[in-house]
Amino acid sequence: MSSRWDLAAVEKAAPDASSLAAARKLAKPGPWSETGSTESLVWGKCQGSGKVPYQVSIDLAGPAYRCSCPSRKFPCKHALALLLLWVRGDGAVAEAAEAAGFAGAWAQQRSERAGRAEAAAEGAAAPPKPADPEAQARRRAERMATMSAGIDDFGLWLTDLVRAGTVAARRQPWAWWDAAAARLVDGQLPGLAERVREMGSQVNARDDWADHLLEEVGRWWAAVRAWQQWQHLDATTRADLRAYLGWAQSTDDVRAGETVADTWLVLGAHRSDDGRLQQQRTWLRGRRTGETVQLLDFAAQGGPLPMAQLAGSALEVSLALYPGSRPRRALMMGDPAAADLDDRPGGSTLAAAFAAFAAAHADNPWVARVPAVLEAAVLLPAREGAAAQVVDADGVALPLLGPVPWSALALTGAAPTLVVGELEAEGFRLLSVRVDERMVAV
C-alpha cells in the first residue's frame, strides 16, 4: 500500500511550475464530479470547456496517471488538481469501497499488463497478489498522525491568541486567520479550518464579536483537548468529534451499521450556500420510533442539489444512521415510497426546545442546532428596529434567523399555528408552517 500523500508530494509530482499553478485554480469542488479514493486509487471527472468531462485516474502506488484530456504533460493539471483536492482530506474526495468503473478498468488493465510482463520475464503465470488486511488500519493511522500534528499546532495557536487577548485578535488581518486555516487544511482538519476562516470575517462584522469569539475559542479548545484524549473517548463522542473536525465517515461504513425502518414525516428543509459548497438539511420524524433525524446533501458551487422532500409528506424508507449523538444524521438505504400519514408533528414550546438543546449540548458540545416544533406559535414581522420574531404559546419570543419570511408572515397573518424550525444559539430558523391543515415550506 502507498503512503498517504501530502501537499509537498503533490508539488514534487508536478512536471513544471505552470502545471502546478493551473492545477491550483482547478483544485476546488466546482468542476469536479464522481470523485473517490481507495487505498491505491484516486479518481474523478473534471468539467473542461467541452460537453464531456475529463476522466482522471491516479494509481498512488506507481504513481501512474491517466486523463482523457489532450495535454501532453505528465501528470496533467487535472491529475494534479485532483491530488490537491484529495490531500486536503475535507471530504471533497471521499473514501469508497470500490473504484468507479473507468478508474477500475484502467487499474485492471495496468495490473494485467504488469502480470503479463512478469510472466513473460519469469516464463510462468504471475501469482495473484494477496490483499493486505492491514491496509485500512495503516491508512487510518497515517491520517490520525497527521491530524494529531495539526491539532498540536492549532493548540499552540489558540494559546497565543488567548495570551494576546481578543482585541489583538480582532486587529489581525484576514490573512492571519487564513494562514491558520491553511495549516489546519494541511493537517486534514477541514471542519476546524472553515470555522477559523469564517471567524476572520465575523470578528469585524458582528457587534457581539467578543462574545462570539470567546464561545468559538471554547469550542475549539474543547476539540483540541478531546482529540488529545482520543483513546479515552467513547464511540459516540469520537463520532461527534470526527464530524466537527471534518473527518468524513465512509457511506459504506454507515450503511453497514445501525439502520431503522419507519414511516418518516418530512418536517422541513433548509439550504445554505457559502460560495464554495451548497448544503441541504432535511429533518424527518419517525412515526413509530419518534426519532428525529437529518439528511445532509452537498453539492459543489453551481452543481445541483437533490430536490427537497415536500414538507408534510410521508416517506416509507429504511435509514442508515451515522454514529454520534442526537439529533443523528442519516442516509436513505434506497428510494423512498410515498406513504399516508395523517398524524401531524406534535408541538411544544420554546422552553421545551431549549431543554432539548441543552440536553444535546450535554452530550455533544459542538452541536450547532436542534429541530423544534412549536404549537400555537405566532410569527411577527420586524418593527421598531427589532428583527422578525416567533412567539410561542407561553409568550416567549425569539428572533428569526435569515431573510424575513414574508410568505410565511402573509400566510399565517399573525394567527397561532404549528411552526417547524431549527433552534440555534442566536435564534430560530423557520422551515415550515401549518396553513389550512397542511404544512407549507418557507
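For the single chain, residues carry numbers from 1 onward in sequence order. Just so you know, these numbers come straight off a predicted model, no measurement behind them.
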To the nearest 0.5 angstrom, please state how far the [atom1] atom of [X] sits from the [atom2] atom of [Y].
X	Y	atom1	atom2	value
Gln47	Tyr54	CD	OH	9.0 Å
Thr237	His232	OG1	NE2	13.5 Å
His361	Asp363	NE2	CG	11.0 Å
Arg66	Phe74	CZ	CZ	12.0 Å
Leu409	Leu400	CG	CG	7.5 Å
His270	Gln280	NE2	CD	10.0 Å

Tell me if a side-chain donor or acceptor on [X] pairs with a main-chain N or O of [Y] at a distance below 3.5 Å.
X	Y	answer
Arg195	Gly191	yes
Arg438	Gly312	no
Asn364	Trp366	yes

For the residue pair [X] and [Y], what are the closest heavy atoms and their distance?
X	Y	answer
Ala27	Leu84	CB-CB, 3.8 Å
Ser318	Ala261	OG-CB, 3.4 Å
Pro345	Leu265	CD-CD2, 3.3 Å
Glu39	Arg139	N-NH1, 3.1 Å
Ala64	Trp106	O-CH2, 3.6 Å
Leu184	Gly150	CD2-O, 4.3 Å

Compare all side-chain heavy atoms of [X] with those of [Y] and state whether any distance is below 4.5 angstrom.
X	Y	value
Phe102	Ser57	yes
Lys73	Lys77	no
Leu83	Leu60	yes
Gln55	His78	no
Leu319	Arg328	no
Val260	Arg288	yes
Val433	Val442	yes
Ser325	Asp240	yes

No-hydrogen, no-angle side-chain donor-acceptor test under 3.5 Å, Ser19 and Asp16: yes
Donor + acceptor pair across side chains of Gln294, Arg329 (<3.5 Å): no
Trp247 six-ring face occupied by Arg242 cation (under 6.0 Å, within 45°): yes
Extract all donor-acceptor atom pairs below 3.5 Å that involve side chains of residues 161-170 and protein atoms in other chains or at least two apart in sequence.
{"unit_1": "Arg163", "atom_1": "NH1", "unit_2": "Asp160", "atom_2": "OD1", "d": "3.1"}
{"unit_1": "Arg170", "atom_1": "NE", "unit_2": "Val203", "atom_2": "O", "d": "2.8"}

Of Glu426, Glu198, Glu216, the residue whose pairing with Arg206 passes salt bridge (charged side-chain N to carboxylate O under 4.0 Å, His left out): Glu426
Plane angle bin for Trp177 and Trp157 - parallel if under 30°, tilted between 30 and 60°, otherwise perpendicular: perpendicular
Would you say [atom1] of [X] has more than 12 non-hydrogen atoms from neighbouring residues, nucleotides or ligands within 6.0 angstrom?
X	atom1	value
Trp176	CH2	yes
Arg171	CZ	no
Asp234	CG	yes

Salt bridge (charged side-chain N to carboxylate O under 4.0 Å, His left out) assessment of Glu194 paired with Arg197: CA-CA 5 Å; Glu194 283 301 310; Arg197 187 174 283 114; 3.4 Å; yes
Side chain to side chain contact (heavy atoms under 4.5 Å, CB included) between Leu158 and Phe154, intermediate numbers included: CA-CA 6 Å; Leu158 275 179; Phe154 185 58; 3.7 Å; yes
Steps toward side chain to side chain contact (heavy atoms under 4.5 Å, CB included) verdict (Trp174, Asn204): CA-CA 10 Å; Trp174 187 83; Asn204 292 301; over 6 Å; no
Partners passing side-chain hydrogen bond (donor to acceptor under 3.5 Å, both in side chains) against Glu291 (at least two apart in sequence or in another chain): Arg326
Evaluation steps, side chain to side chain donor-acceptor pair (under 3.5 Å), between Trp283 and Thr292: CA-CA 7 Å; Trp283 293 96; Thr292 301; over 6 Å; no
Evaluation steps, side chain to side chain contact (heavy atoms under 4.5 Å, CB included), between Tyr322 and Val293: CA-CA 10 Å; Tyr322 281 75; Val293 300; over 6 Å; no
Criterion salt bridge (charged side-chain N to carboxylate O under 4.0 Å, His left out) on Arg287 and Glu316, from CA distance to verdict: CA-CA 10 Å; Arg287 177 173 60 181; Glu316 192 76 38; 5.1 Å; no
Pair Met333-Arg255, side chain to side chain contact (heavy atoms under 4.5 Å, CB included): steps then yes or no: CA-CA 7 Å; Met333 296 289 286; Arg255 292 178 186 276; 4.1 Å; yes
